Amino acid sequence: MKYLIIGGVAGGATTAARLRRIDENSEIILFEKGDYISYANCGLPYYIGNVIKERGNLFLQTPISFGNRFNVEVRIKSEVIHIDSVQKKVKVCHLDTGKEYEEYYDKLVLSPGAEPIKPPIAGIDSPQIFTLRSVNDTDRIKKLVQSQFNTSKEAIIVGAGFIGLEMAENLHQLGFHITIIEKAPQVMTPLDLPMAVIVHDHLKNKNINLILNNGVSSFSHQHEQVTAHLENGESILGDLVILSIGVKPDIQLAKTSGLKIGNAGGIWVNEHLQTSEPDIYAVGDAIEFPHPVSGKSFCCYLAGPANKQARICADNLVNENQKSYQGSIATAIAKVFDLTVGATGLSEMNLKGCHIPYLTSITHPTSHAGYYPGAKPMSIKLNFAPANGKLLGAQVVGSEGADKRLDLLASVISNGGTIYDLIDLEHAYAPPYSSAKDPVSLAGYVAENILTQKVFPMQWDELESILSDKQKRNDYFMIDTRTVMEYKNGTISGSSNYPVDEIREWIEEIPSEKKIILFCAVGLRGYIASRILLQSGFKTVYNLSGGFKTYSLLGKYVIK
Ligand code: FAD
């Protein structure tokens, strides 16, 4: 059997290695158009930032070591430029010599990855503007960064996704002053707005110039500097620009070779990772696959799924499609300065796009028992189904222990679990690690209270629409349930202060004909107060979701 593999990094190299482990006698040829194979794309920002000091540590294998270990013929600088699926052959161009030749296959695997989006705007080809995908991109950025050592340096990051923010942190660490320009009203779109604003605040605290709701309309280049001209007429001068506005599946070869492209713009594959041509398989960033929760196809640009698909693909190549890929729920995590930021499953934006009804909860627990030193704040947002509590999506922003909570939530979503599973999960607990009520259980308890109508959450945007409408506002009475001191330090305009521990004494004063909106710092005291009022005859009582913490951050970065 002769296997050809296109693309020599996450999906391609993993497929080749697995193939060899289960089929010692086949011929395997791996084509990679770049100079390197099997390198750590995810480590590239950290090498630029000098966190990873040795360039050599980025390479998990070299073409020679990979070839020796797996008996795979690795051909670098070799671009596959055409696939003839009828005669089962590919045309390859050796990029150094320009020489073209053909190679026949029994089975072919595509793992060409995704390419950074580079819109055709004026000045985009300036040598000071970089995208980050490969080792060569990394070397170019690193060279420029090192040449600017000891000078005052300005870096512009266009696009505040995961890679953009990782680059912001790493360049900041090297002494660059950072401006982030983002067209959306928030950073990191897998997060919902109430979670993204925590990141906004952290970036501000790190002295990052964060520009939201504003795109770049053009660039101009002068004296080794670039000016980014913004849509609102402002301009920002920088010594380098990292363009990280997203990626798109690299489907050129697949498309020109007649393979089916799906609705999301990726290479179409079936559950066995077979393309529309049965002897051609595809894996990684370039494919689209139905989301297990929404059922809607999407391209998932993550290393974990690419590796999983590669293993399944290799097994299917040898063992005739015995395995099925289940799809990815796009569990992603990033370090953003001192924060750990993660999301899994569907965001509110995804849910609205798929017309899936949902409820949400926000909790702000601490990473471990508050009485044990060093507990760190954490925020968890759940999106779940009103009908049965099925967990649809979850987001975690924190530091210590945020990653393990995200992974737990991801497991529950992957298994089709509900918010009740969060309550039932057993956690390891000792004060330095967690609380007897782990943050994940706590999030489950709150969601259960919402689902079973023990509490009626009010979302920040609902409150906004009430506060901005005088007539509507008259129907509501708003109570800050925090202490007098907290109230005096800042509250939501128009609220009265009835601290939760005294609310029973003042109950006669609260107008029972009005709808009541309660809030506290993070939601717990508001919840307790709402239970008191609901059991004392008040008909309509809301508790502000995420409390004053979430609302005040939204007020700082979103609410005008
Ligand atoms: P790639 O790993 O990109 O490999 C595709 C290869 O195919 C490329 O080397 C390309 O040169 C080659 N190729 C393309 N066309 C041809 C052709 N016609 N002929 C020959 N060769 C070809 N994911 C995470 O989960 N976590 C992270 O922290 C994370 N950080 C990242 C940071 C950066 C800077 C980048 C760029 C990506 C990051 N990712 C991360 C994404 C992750 O690296 C990808 O999801 C993963 O590498 C996808 O694997 P792939 O095989 O599909 O594509």
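Every number for a ligand or one of its atoms is a count from 1 in the order of the listing. For this chain, numbers begin at 1 and follow the sequence in order. Note that this is a predicted model, so its numbers are computed, not measured.
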What atoms of ligand 1 come closer than 4.0 angstrom to any heavy atom of [X]?
| X | result |
| --- | --- |
| E32 | 6 (C), 7 (O), 8 (C), 9 (O), 10 (C), 11 (O), 12 (C), 20 (C), 21 (N) |
| G284 | 52 (O) |
| G7 | 6 (C), 7 (O), 12 (C), 21 (N) |
| Y301 | 41 (C), 45 (O) |
| F31 | 20 (C), 21 (N) |
| R133 | 3 (O), 5 (C), 8 (C), 10 (C), 36 (C) |
| L132 | 34 (C), 36 (C) |

Q. Which of the listed options, I81, N41, D35, I48, holds the heavy atom that is closest to atom 47 (O) of ligand 1?
A. N41
Q. Of L253, D285, V80, V283, which has the heavy atom at the shortest distance from atom 45 (O) of ligand 1?
A.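 Result: the heavy atom closest to atom 45 (O) of ligand 1 is in D285.
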Do NZ/NE/NH1/NH2 and the carboxylate oxygens of [X] and [Y] come within less than 4.0 Å?
| X | Y | answer |
| --- | --- | --- |
| E102 | K89 | yes |
| R133 | D250 | yes |
| E169 | K206 | no |
| D201 | K204 | no |
| D84 | K91 | no |

Q) Only one of T344, D407, L425 clears side chain to side chain contact (heavy atoms under 4.5 Å, CB included) with V412; which? A) L425
One residue to check: [X]. Relative to ligand 1, which of side chain, backbone, both or neither has a non-hydrogen atom less than 4.0 Å away?
| X | answer |
| --- | --- |
| S78 | backbone |
| I6 | side chain |
| A306 | side chain |

Q) Distance-only, no hydrogens or angles: does the T15 side chain make a donor-acceptor pair with backbone N or O of R311 under 3.5 Å? A)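 The answer is no, because no donor-acceptor pair under 3.5 Å joins these two groups.
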**Q.** Heavy-atom nearest neighbour in the protein, as seen from atom 14 (C) of ligand 1, with distance rounded to 0.1 Å
**A.**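 For atom 14 (C) of ligand 1, the nearest protein heavy atom comes out as P112 O, 3.3 Å.
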Q) How far apart are the closest heavy atoms of A155 and L171, and which atoms are they? A)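 Nearest heavy atoms, A155 then L171: CB-CD1, 3.9 Å.
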Backbone or side chain, does any N or O of [X] fall under 3.5 Å from an N or O of ligand 1?
| X | value |
| --- | --- |
| I163 | no |
| I333 | no |
| Y39 | no |
| C42 | no |
| G11 | yes |

Q) Do K142's NZ or CZ and the ring of Y47 fall within the cation-pi criteria of under 6.0 Å and 45°? A) yes
Q) Looking just at side-chain N and O atoms, do N350 and N383 make a donor-acceptor pair shorter than 3.5 Å? A) no
Q.
Hydrogens and angles aside, do S134 and D137 bring a side-chain donor and acceptor to less than 3.5 Å of each other?
A.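 There is such a pair between these side chains.
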